[in-house]
Amino acid sequence: MLVVDDDDALRPVVQRALEAANFHVLSTNSPARALAMIDAQPVTVILTDLSMPEMDGWEFCSLVHRRRPEVILGIMTGWGEPADERALAASGVCFILSKPFNLRELQATVRAAVNR
């Protein structure tokens, strides 16, 4: 699993919570670095922030979806959930976590996406 978030305080909290749920987790603060990482090693799930300065989560997910359509993509956002199902499908996003979320919700959402 890969966590992509430019928030240096939140990213390690998310990583530790997912590791506590027995996921192997890598993380980065850079969508461009994340793209290089998924080219170098297999990743099953990517959880990314929606709002990042380098590129937004929608663009990042669309790029990942074109390269690796089998990857389960999730977005973390404080901006609310988008209602457009076509945008979700086009970008390959499987789930959205609205901030603030609790860590059990995070673990359960990711586990449910993996078990689908």
In terms of hydrophobic clusters joined by side-chain contacts under 4.5 Å, are Trp58 and Val4 together?
no
| field | Same apolar cluster (I L V M F W Y, side chains within < 4.5 Å links), Val3/Leu35 | value | no
To the nearest 0.5 Å, atom CE of Met1 lies from atom OG of Ser27 at 12.0 Å
Backbone of Ala32 reached by a side-chain donor or acceptor of Glu54 within 3.5 Å
yes
So OG of Ser62 and CZ of Arg67: to nearest 0.5 Å the spacing works out to 12.5 Å
Note to self: Measuring only between side-chain heavy atoms, which start at C-beta, is Thr48 closer than 4.5 Å to Cys61?
What the structure shows: yes
For Met55 and Leu63 the tightest heavy-atom approach is SD-CD1, 3.8 Å
Discussion item. Less than 4.0 angstrom from a charged side-chain N to a carboxylate O is my criterion; do Asp49 and Lys99 meet it?
Written reply: yes
Per side chain to side chain contact (heavy atoms under 4.5 Å, CB included), Ile38 is matched among Val71, Ile46, Leu26 by Ile46
Listed pairs under 3.5 Å, donor-acceptor, residues 107-114 side chains, sequence neighbours left out:
{"from": "Gln107", "atom 1": "NE2", "to": "Ala17", "atom 2": "O", "distance (Å)": "2.7"}
{"from": "Thr109", "atom 1": "OG1", "to": "Glu105", "atom 2": "O", "distance (Å)": "2.8"}
{"from": "Arg111", "atom 1": "NH2", "to": "Ala21", "atom 2": "O", "distance (Å)": "2.8"}

Taken to the nearest 0.5 Å, the spacing of Arg68 CZ from Leu73 CG works out to 10.0 Å
Closest heavy-atom pair, Asp7 versus Asp5, reported as atoms and distance to 0.1 Å, is N-OD1, 2.8 Å
Between the OG atom in Ser30 and the CG atom in Asp6, the distance rounded to the nearest 0.5 Å is 10.0 Å
Closest non-hydrogen contact found for Leu50 with Ile75 is CB-CG2, 3.7 Å
**OP:** Evaluate the side-chain proximity of Arg116 to Cys94: yes if any heavy-atom separation is below 4.5 Å, no if none is.
**Re:** yes
Same apolar cluster: Ile72 and Phe60, side chain cutoff 4.5 Å:
no
Residues Gly92 and His65: closest non-hydrogen pair is CA-ND1, 3.5 Å
When hydrophobic residues are tied together by side-chain contacts of less than 4.5 Å, even through go-betweens, does Val43 share a cluster with Val45?
-> no
dist Gln15:CD -> Leu47:CG (nearest 0.5 Å) comes out at 11.5 Å
query: Do Leu103 and Val13 come close enough that some side-chain heavy atom pair is under 4.5 Å?
result: yes
In this structure, CG of Leu2 is separated from CG of Leu18 (nearest 0.5 Å) by 11.0 Å
